[in-house]
Amino acid sequence: GMRQGGANSRVHTALCALWGMAWFPVSLPSGPLLSARAPRHVLLPPPPPWRMPSSMPALRLPSTERSRRRLATVLNVQPNCESRVVHEEAPGTRNLIETGAVSESPVSQTNVGGTDGTEFVDDAGVLEQPSYVGSELADIYATCKFWEWRGYSVNYAVQGIGSPVLLVHGFGASVGHWRRNIKVLSKRNRVYAIDLLGLGASEKPEKFKYTMETWAEMLLDFLNEIIKEPTVLVGNSIGSLLCLMVTADAPCRLLRGTVLLNCAGGMNNKALIDDWRMKLFLPLLWLIDFLLIQPVVASWLFKRIQSRENLRNVLLSVYHNKDAVDDELIEVIRKPAEDPGALDSFVAVVTGPPGPSPRSLMPKISTQVLVLWGDKDPFTPIDGPVGKYFSGLSSVQPNVTFFILQGVGHCPHDDRPDLVHEKLLPWLSSLPL
């Protein structure tokens, strides 16, 4: 199901197989979910040096330098440009300047980078890399905060008022992958979107042992400490399986329902050993595991995957709506992968234990579940074991509602958000408060 393209088609095909093996799968844990200490909220940095929409609220700095740098990377901020235009100070910014947390130098550009490909040029005439962050995505980033979980900074965004909804991305993605959904959902709901530890703008501790169980504990603590109300969980791929994991183990008081968008069968595709297609590739998966524990090989492969051309080709093989694969999407995936520690999380997911399957979790769930499945998904196809399981589930579990989305790939919410909203919004409205 992977598309070949470019001069080096063999390299591209191998990268597609490697990325596809890990990008959108998840495992589900058993046992109690642990609790973390109280969170610390931190607001975001001041306006970056690219032009923002007039409606965007002012941004403020996180209290820690590492959080500020990490968020600036995700926003694609160019912090060294100097300017003749001074931003209006956000409340509290003067104190940050006085303490040295941020430079007093004003910021601007002669040209502003954007999704149209306009390039940055600073006052010295140095060409800077363009920003591909559009206005809607910038609005999302403007609402981000950092929550401290077990000593690590976890990034999340929040918009709107009403009953809470928590969005959980898949592997390789982040808060920004919900760029086409948050604005629509926030008209009737208070929408949270979280970056899993090791992904997006969240901290990426080196040598950290990433597991599905750890991520599930993080999500449950987030429900308990930040949201504190019955919530609808919405996940894509491994995010869907994380939502199932939390739903199966969380107290009923924390949940109103769960939405699965092309649910994965495990943290990686090694979970799907009952699929004849995966059995054919098991020797290749074992070889990849062996290669990825060699630091030099892992670093080389990861750098190849990070290139814009390779990312575009992989995304084109995952999305059925090719117009959705734009420069902004590529940046949403690419920028966090430049952070120190990003390689460790990638290797951990590809080589780690796949965890239990959705089949072991669904019998434990009594709350309402909406399952939406793109029928053009090359990673978790509708005729594969996971797709077949969910498509027949509504006939035996009355709490499950299942829809196939025609002409949609692995990421329905970004591939064809209109079709997702058509099913999701009425379902949300039907849930009891």
Side-chain angles (χ1 to χ4, degrees), residues 38-45 47 52-60 62 71 75 90-92 133-149 154-169 174-196 200-202 218-236 239 243 246-247 250-259 261 367-370 372 413-414 417-418 420-433:
R40 174 175 58 83
H41 296 278
V42 187
L43 295 179
L44 285 189
M52 289 188 176
S54 57
S55 60
M56 175 177 283
L59 303 175
R60 280 175 281 178
L71 189 64
L75 288 172
V133 177
S135 60
E136 285 196 23
L137 183 55
D139 285 342
I140 293 170
Y141 287 150
T143 67
C144 284
K145 302 177 181 181
F146 280 97
W147 165 56
E148 186 172 295
W149 182 72
V154 174
N155 179 59
Y156 71 97
V158 56
Q159 283 189 24
I161 54 176
S163 300
V165 172
L166 175 60
L167 308 177
V168 185
H169 62 79
S174 63
V175 162
H177 205 206
W178 303 100
R179 57 193 177 139
R180 305 184 194 274
N181 316 107
I182 290 178
K183 183 177 180 180
V184 173
L185 294 174
S186 64
K187 292 178 180 179
R188 297 183 181 180
N189 300 91
R190 187 165 77 259
V191 180
Y192 296 84
I194 192 168
D195 282 342
L196 298 175
S202 290
M218 186 195 81
L219 292 177
L220 184 56
D221 288 342
F222 188 81
L223 291 174
N224 272 308
E225 297 177 12
I226 302 298
I227 300 182
K228 301 178 182 178
E229 293 180 46
T231 301
V232 174
L233 304 179
V234 182
N236 173 225
C243 290
V246 174
T247 304
C252 291
R253 62 179 174 79
L254 291 178
L255 298 172
R256 293 179 61 227
T258 304
V259 181
L261 306 174
T367 54
Q368 292 297 309
V369 178
L370 174 65
L372 304 180
H413 60 292
D414 196 54
D418 54 323
V420 170
H421 297 155
E422 182 181 296
K423 302 298 184 185
L424 175 58
L425 294 176
W427 185 85
L428 286 173
S429 299
S430 71
L431 293 177
L433 294 175

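For the pair Pro230 and Arg253, the tightest heavy-atom approach, listed with the atom from each and the gap, is CG-O, 3.2 Å. In this structure, Val168 and Trp178 approach most closely via the heavy-atom pair O-CZ2, 3.3 Å. For Cys243 against Val234, the heavy-atom pair with the smallest separation is SG-C, 3.8 Å.
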Are Thr231 and Arg256 close enough, and set up right, to give a side chain to side chain contact (heavy atoms under 4.5 Å, CB included), and what steps lead you there? CA-CA 5 Å; Thr231 301; Arg256 293 179 61 227; over 6 Å; no
Set out, in order, the CA-CA distance, both residues' side-chain angles and the distance that settles side chain to side chain contact (heavy atoms under 4.5 Å, CB included) for Ser429 and Arg188, then state yes or no. CA-CA 9 Å; Ser429 299; Arg188 297 183 181 180; 3.5 Å; yes
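Inter-residue side-chain proximity for Leu166 and Val191 is flagged as unmet; no heavy-atom pair is nearer than 4.5 Å. Val165 has its side chain within reach of Leu167: a pair of non-hydrogen atoms, C-beta onward, lies under 4.5 Å apart. Proximity of Gln159 to Ile140: side-chain heavy atoms (C-beta onward) are separated by under 4.5 Å at one or more points. Counting only heavy atoms from C-beta outward, the side chains of Val158 and Ile226 never approach each other to under 4.5 Å. For the pair Asn224 and Leu254, the minimum side-chain heavy-atom distance is below 4.5 Å. Counting heavy atoms from C-beta outward, Val154 and Phe146 have side chains that stay 4.5 Å or more apart. Contact check for Trp149 versus Asp221: side-chain heavy atoms found under the 4.5 Å cut-off. Side chains of Leu370 and Thr258 form no contact here, defined as non-hydrogen atoms less than 4.5 Å apart.
Atom OH of Tyr192 is separated from atom CD1 of Ile182 by 12.5 Å, given to the nearest 0.5 angstrom. A distance of 8.5 Å separates NZ in Lys423 from CG in Leu372, rounded to the nearest 0.5 Å. Interatomic distance, NZ of Lys187 versus CG of Leu425, reported as 9.5 Å (0.5 Å rounding). Taking CD1 from Ile227 and CZ from Phe222, the interatomic distance works out to 5.0 Å, rounded to the nearest 0.5 Å. Expressed to the nearest 0.5 Å, how far CD1 of Ile194 lies from OG of Ser174 amounts to 12.5 Å. Separating the OG atom in Ser186 from the CD1 atom in Ile161 is a distance of 10.0 Å, to the nearest 0.5 Å.
Within the 3.5 Å criterion, the main-chain N or O of Ala157 finds no donor-acceptor partner in the side chain of Thr143. Panel note: side chain Asp195, backbone Ala201; a donor-acceptor pair is recorded below 3.5 Å. Of the possible polar contacts, none joining the Asn189 side chain to the Pro164 backbone as a donor-acceptor pair under 3.5 Å is found.
Between His177 and His413, the gap from one ring centroid to the other is short of 6.0 Å.
With sequence neighbours excluded, the residues forming a salt bridge (charged side-chain N to carboxylate O under 4.0 Å, His left out) with Arg180 are Asp326, Asp414, listed by chain and number. Under the salt bridge (charged side-chain N to carboxylate O under 4.0 Å, His left out) criterion, Glu422 pairs with no residue at all, not counting sequence neighbours. His169 pairs by the ring-ring contact (aromatic ring centres under 6.0 Å, His included) definition with nothing, not counting sequence neighbours.
For the residue pair Glu225/Trp147, the side-chain donor-acceptor check at 3.5 Å is satisfied.
Classification of Arg190 and Glu229 as a salt-bridged pair holds, one side-chain N sitting under 4.0 Å from a carboxylate O.
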